[in-house]
Structures are given as C-alpha cells and as structure tokens.
Amino acid sequence: ARALGDLLRHPGIASDFAPGANTYLESPPEGGIVHRDAESGAVLARLDGHEEGVWDARYLGPDGSLAVSIGKKGALRIWALAARKVLQEIPGTQPPLQVAVPADGHAFAVLQPDHKVGVRDRTGAELLRADAAAVPENREHRLRYSQGGHLLVSSFNMLQSFEPLTYRPHRTRTTAQ
C-alpha cells in the first residue's frame with residue numbers, strides 16, 4: 001500500500017515494475033524517464049532524452065539493470081540504468097502501438113501502427129520483422145509473451161505464436177467470429 005501511495009504522489013506515469021526488485025520506471029510529462037525506489041519514492045536515476053515525451057518504458061532482463069524506452073516520435077533507446085546512459089538508439093518516425101518484454105528480458109517486441117511486429121535483442125539487433133494479421137477498423141492487436149517465452153500476437157479473431165529465442169512462427173489459429 002505504501003508503494004501505491006508513493007506512485008500517487010509523483011506526476012509521472014509508472015510504466016513498469018522491476019522483476020524481483022522494489023523499483024519502477026516512470027515517464028514524467030516533461031520527458032525522459034525516472035527510475036524510482038517503490039518503497040520510498042526516492043529517485044535512483046533520471047534519464048534525460050525523449051524530449052517529446054515517452055510512450056512506454058520497460059525493464060530489460062531479470063536484474064533490472066537495463067531498460068528500453070520508446071519516445072512519442074518512435075525512437076527506441078536501450079539504457080544502462082546505473083550508468084544513466086544510452087547504450088543504443090534506434091530512430092523511429094511514429095510511436096508503436098504496444099511493447100512487450102519476456103520475463104527473462106532477452107529481447108523486446110514492438111507492434112508498429114503499420115501492423116509490423118519487430119523483435120530486438122538487448123543490444124538493439126533485429127531478431128524478427130513480421131506482418132501481424134490484418135484487423136478490421138476499430139479492432140486492436142495485443143502483444144504479449146507467455147510464461148514459456150512464446151511471443152503472442154493476437155487480434156479479435158486470430159492468435160499468432162512465435163517460438164522462444166528463435167522467433168520462428170509456431171502457430172496461427174483463427175477463431176469463429
């Protein structure tokens with residue numbers, strides 16, 4: 001309850017909680033990322049960048065030492081939190097619809113507005129670029145990782161699954177409308 005109270009006192013939006021740690025990433029309205037202790041609310045690191053604002057920020061890896069952020073203009077940045085520095089920057093032109101990170105943090109997946117799914121490893125190297133299933137207007141995709149590490153891309157009547165680590169297509173299933 002105390003951590004929730006601390007979250008409510010800070011003006012940013014909590015993007016992600018660290019796996020196995022009592023910290024979280026916050027996206028303040030003025031841009032950049034704030035890494036906070038969830039118990040005290042103390043600032044552990046302030047990461048400057050994404051002056052246009054941050055669309056999303058997620059921890060990469062189980063130790064919470066790396067993070068990925070996506071700016072509102074679409075630029076991706078991979079951060080070393082303790083060093084407070086950008087390890088990799090990947091330019092973009094539009095913000096993604098969704099971002100997902102598997103529990104082991106070996107990679108992150110991004111669903112773009114053009115319905116392309118991109119998967120990058122912790123260094124920013126591209127592992128996969130694939131089309132997600134086309135969806136009718138006013139329908140949404142969901143992008144998640146299963147506990148077993150499969151990347152799941154779903155829409156209103158379809159589920160696509162990609163193998164853990166290799167990202168080879170595993171299964172596509174349609175459901176009755």
Side-chain angles (χ1 to χ4, degrees), residues 7 10-114 116-130 132 143-153 162-168:
L7 282 172
H10 299 288
I13 297 171
S15 294
D16 198 17
F17 282 90
N22 202 18
T23 63
Y24 65 93
L25 298 173
E26 177 184 278
S27 307
E30 65 272 10
I33 300 167
V34 177
H35 185 215
R36 288 190 185 271
D37 179 271
E39 189 66 29
S40 68
V43 173
L44 303 173
R46 198 173 295 278
L47 310 169
D48 295 323
H50 296 303
E51 290 74 20
E52 74 279 3
V54 175
W55 180 265
D56 201 358
R58 302 282 174 174
Y59 286 98
L60 276 177
D63 64 358
S65 64
L66 298 177
V68 61
S69 64
I70 295 90
K72 289 185 178 176
K73 291 186 179 173
L76 297 164
R77 290 185 178 155
I78 298 173
W79 300 87
L81 293 173
R84 297 182 173 128
K85 71 177 206 174
V86 175
L87 299 176
Q88 179 76 317
E89 183 166 358
I90 302 153
T93 57
Q94 54 186 338
L97 298 174
Q98 300 205 11
V99 178
V101 178
D104 69 1
H106 74 275
F108 60 94
V110 177
L111 178 63
Q112 298 292 346
D114 62 1
K116 301 273 189 213
V117 176
V119 179
R120 293 182 180 272
D121 70 13
R122 291 170 60 155
T123 68
E126 192 167 75
L127 302 175
L128 168 77
R129 184 141 178 90
L143 186 64
R144 301 287 186 270
Y145 277 92
S146 72
Q147 288 183 346
H150 284 83
L151 173 61
L152 305 172
V153 181
F162 297 89
E163 299 271 342
L165 302 179
T166 64
Y167 290 98
R168 287 191 308 249

Closest heavy-atom pair, I90 versus G124, reported as atoms and distance to 0.1 Å, is CD1-O, 3.8 Å
Exactly one of L66, V101, L81 clears side chain to side chain contact (heavy atoms under 4.5 Å, CB included) with Y59, and that residue is L81
Residues D16 and A57: closest non-hydrogen pair is CB-O, 3.6 Å
**Q.** Donor-acceptor contact present, side-chain R36 to main-chain Y24, <3.5 Å
**A.** no
When every non-hydrogen atom of P28 is compared with those of G32, the smallest separation belongs to CD-O, 3.5 Å
Those residues at least two apart in sequence (or on a different chain) that pass side-chain hydrogen bond (donor to acceptor under 3.5 Å, both in side chains) with R58 are D56
Between the CZ atom in R122 and the OG atom in S65, the distance rounded to the nearest 0.5 Å is 5.5 Å
On a heavy-atom basis, the closest approach of Y145 and A100 is CE1-O, 3.6 Å
task = Show your reasoning for whether side-chain contact (heavy atoms from CB on, under 4.5 Å) applies to R120 and V110.
result = CA-CA 8 Å; R120 293 182 180 272; V110 177; over 6 Å; no
What one should report as the nearest heavy-atom pair of L25 and A67 is CD1-CB, 3.9 Å
All heavy atoms of P102 vs all of A107, minimum pair found to be CD-O, 3.1 Å
Hits for side-chain hydrogen bond (donor to acceptor under 3.5 Å, both in side chains) against W79, two or more places apart or cross-chain, chain-then-number order -> S69
d(R46 CZ, I33 CD1) to nearest 0.5 Å is 12.0 Å
d(T123 OG1, L60 CG) to nearest 0.5 Å is 10.5 Å
Salt bridge (charged side-chain N to carboxylate O under 4.0 Å, His left out) pairs touching residues 88-110, sequence neighbours excluded, are R77-E89
